[in-house]
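Nothing here was measured: the structure is a model prediction, and the numbers come from that model. Side chains are part of it too, since the values below use all heavy atoms of this structure and drop only hydrogens, waters and symmetry mates.
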Amino acid sequence: MNTSKEMCNLLFLQGKLMNNLEMQISFLSHNKDELQKILDKKQTDLETQIEKLKQDIELQEKKDPFYIFKDR
């Protein structure tokens, strides 16, 4: 059977482990938020580039209707 001192040590270690887990969860949550911001910006940048390319193609097609079929 555990002594009172052993129980106190176990409770202390359990508290330290819980605190450590809470810190890791907080850190991972923060990283997830930061990564989501980066992904959102990259997606926006890609969507902007796609729109620009579409506009460029439309302009080229107005100048030359067969532009899309030409080798680049």
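- Atoms OG and CG, from S4 and N9 in turn, are 9.5 Å apart once rounded to the nearest 0.5 Å.
- Annotation: side chain of K41 is in contact with side chain of D45 (closest heavy-atom distance under 4.5 Å).
- The CG atom of L35 sits 9.5 Å away from atom NE2 of H30, with the distance rounded to the nearest 0.5 Å.
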Notebook entry, point to check: Under the side chain to side chain donor-acceptor pair (under 3.5 Å) criterion, do Q43 and E47 qualify, and how do the steps go?
Noted result: CA-CA 6 Å; Q43 181 176 355; E47 289 170 351; 3.1 Å; yes
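- Two residues are said to be in side-chain contact when any heavy atoms from C-beta on lie closer than 4.5 Å; E22 and N19 meet this criterion.
- How far CD of Q49 is from NZ of K52: 10.5 Å, rounded to the nearest 0.5 Å.
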Determine whether K37 and D33 satisfy the following criterion, salt bridge (Lys or Arg N to Asp or Glu O under 4.0 Å), listing intermediate values before the conclusion. CA-CA 6 Å; K37 287 178 190 175; D33 293 343; over 6 Å; no
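- The shortest side-chain heavy-atom distance between Q24 and N20 falls under the 4.5 Å cut-off.
- K54 pairs in a side chain to side chain contact (heavy atoms under 4.5 Å, CB included) with only one of the listed residues (I50, I57, D56), which is I50.
- Judged by distance alone, the side chain of S29 and the main-chain N or O of I25 form no donor-acceptor pair under 3.5 Å.
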